[in-house]
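Structure first, commentary second.
Predicted model only: the values in this text are computed from it and were never measured. Hydrogens, waters and symmetry mates are skipped; everything else that's a heavy atom, side chains included, is used.
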Amino acid sequence: HPRGLVLVRSVPDRGGACADQGAQVRVMVDARCVGPGQSGIGRYTENLCQSAELVAGRGSCHLLATKEGAAFLKSSANAHFVRAGEEGGLPDLLRSLKIDVFHSPLFVLPPIRPCSYVFTLHDVIPLSHPQYTHAAFSNFFKRRVPPALRIASHVVAVSEYSRREAIRLLAIPERSITVVHEPASPRFSPEARGGESTGERYLLAVGALDRRKNLTAVLRALHLLQDKGRRPPVVATPRRAASSRATMASQCRACSTPAH
């Protein structure tokens, strides 16, 4: 699918068992990170929810969300609400709704598995590069992610690099983790703008300018394009405008790269 979701008729457990290939699939997505001011994982989950609804004719889509998040999504899917600290009742909810697949793009899964669990592992930076992670989040990651991986039916990695690092650092069996890339939204195209295009080439960077994002490596790569006609300017949209913009401008000047 253009948004990157791959919905299968069944999700095999690590033991190889799977549901009837012709059965309708009831999917629930943990969308509690979606809402105003959401992070990158929130945006990932928002697109995941929208994609799940587009293929809902093959089954049914349910969301686990906050009330603010459900309003933000303007979703036609069935929304269910579980407050923080009440995740212990989630297996009962999944069982009562006869959910087939529960997909968590967050860092947690219930300790009891009444259905197939799919777990998105975005990266393993707290393990591979702990110097780029806040201590509180690093401790949370180390405490919650390994148990979630052990109970997951299957794991999704967002890049081949993240997959290899997860196998190396978390001992995930290769057959239990699959790469599903995060493509650009269809709205980032000339067609989405009515076919209009300025013809100008540029590199668009969206998100925070934390060191762990490694944007400096991108700037260095652009700097290798010595031909001025081949090197596009950088357009950055940092979340924290003032300080991040100053940081970005400094990095671009160091690499002789124009920025906006």
Side-chain angles (χ1 to χ4, degrees), residues 1 3-8 10-18 27 29-33 38-48 51 87 101-113 115-184 203 205-224 251:
H1 188 272
R3 288 195 180 91
L5 174 73
V6 177
L7 179 64
V8 295
S10 62
V11 178
D13 283 350
R14 292 182 179 177
C18 59
V27 177
V29 177
D30 190 343
R32 288 175 291 175
C33 57
Q38 63 191 8
S39 65
I41 294 178
R43 180 59 57 88
Y44 170 93
T45 306
E46 178 187 356
N47 287 329
L48 181 66
S51 298
E87 288 85 356
V101 180
F102 178 70
H103 189 154
S104 173
L106 300 175
F107 302 94
V108 296
L109 279 173
I112 300 173
R113 190 176 68 188
C115 62
S116 292
Y117 283 169
V118 175
F119 182 87
T120 296
L121 185 64
H122 302 275
D123 59 60
V124 292
I125 289 176
L127 301 179
S128 61
H129 298 81
Q131 67 273 27
Y132 297 150
T133 308
H134 294 296
F137 179 72
S138 180
N139 292 334
F140 170 83
F141 186 96
K142 294 174 182 177
R143 186 176 69 253
R144 301 300 298 269
V145 170
L149 292 173
R150 284 194 293 270
I151 200 169
S153 306
H154 202 76
V155 180
V156 170
V158 299
S159 70
E160 182 57 38
Y161 176 79
S162 292
R163 178 180 182 272
R164 292 197 305 267
E165 287 291 272
I167 292 171
R168 180 176 71 88
L169 295 171
L170 290 164
I172 301 174
E174 291 191 20
R175 61 186 175 84
S176 297
I177 182 168
T178 301
V179 176
V180 180
H181 294 111
E182 301 171 295
L203 185 150
V206 180
L209 297 181
D210 299 337
R211 291 177 63 197
R212 61 191 174 89
K213 300 297 183 181
N214 205 18
L215 188 58
T216 301
V218 176
L219 297 176
R220 289 172 178 165
L222 288 175
H223 188 54
L224 296 177
Q251 293 177 346

Are His103 and Thr120 close enough that a side-chain donor and a side-chain acceptor fall under 3.5 Å?
-> yes
Report the C-alpha distance between Val108 and Phe140 in whole Å, list the side-chain angles of each, state the deciding distance to 0.1 Å, and finish with yes or no for side chain to side chain contact (heavy atoms under 4.5 Å, CB included).
-> CA-CA 10 Å; Val108 296; Phe140 170 83; 4.0 Å; yes
All heavy atoms of Leu127 vs all of Pro130, minimum pair found to be O-CD, 3.8 Å
Is there a donor-acceptor pair under 3.5 Å between the side chain of Ser176 and the backbone N or O of Ile172?
-> no
Please report the shortest heavy-atom distance between Ala152 and Phe119, naming the atom on each side.
-> CB-CB, 4.0 Å
Between CG of Leu149 and CD1 of Ile177, what distance do you get to the nearest 0.5 Å?
-> 7.5 Å
How far does CD of Glu165 sit from CD1 of Ile125, to the nearest 0.5 angstrom?
-> 10.0 Å
Verdict with reasoning, Leu170 to Leu121, per side chain to side chain contact (heavy atoms under 4.5 Å, CB included) = CA-CA 11 Å; Leu170 290 164; Leu121 185 64; 4.0 Å; yes
Between atom CZ of Arg168 and atom OG of Ser128, what is the distance when rounded to the nearest 0.5 Å?
-> 7.0 Å
Nearest non-hydrogen partners of Lys142 and Pro126, listed with the distance = CE-O, 4.1 Å
Taking atom CZ of Arg164 and atom CD of Glu174, what is their separation to the nearest 0.5 Å?
-> 11.0 Å
When rounded to the nearest 0.5 angstrom, what distance separates CZ in Phe141 from OG1 in Thr133?
-> 8.5 Å
Between the CG atom in Leu106 and the OH atom in Tyr44, the distance rounded to the nearest 0.5 Å is 10.5 Å
What are the two closest heavy atoms between Gln38 and Glu46, and how far apart are they?
-> NE2-OE1, 2.8 Å
Without swapping roles, check the side chain of Tyr117 against the backbone of Ile112 for a donor-acceptor pair under 3.5 Å.
-> yes
Ignoring hydrogens and geometry, is there a side-chain-to-backbone donor-acceptor pair from Arg113 to Ile151 under 3.5 Å?
-> yes
Side chain His122, main chain Ser162, donor-acceptor under 3.5 Å | no
Candidate pair Arg32 and Thr45, rule side chain to side chain contact (heavy atoms under 4.5 Å, CB included), full reasoning | CA-CA 9 Å; Arg32 288 175 291 175; Thr45 306; over 6 Å; no
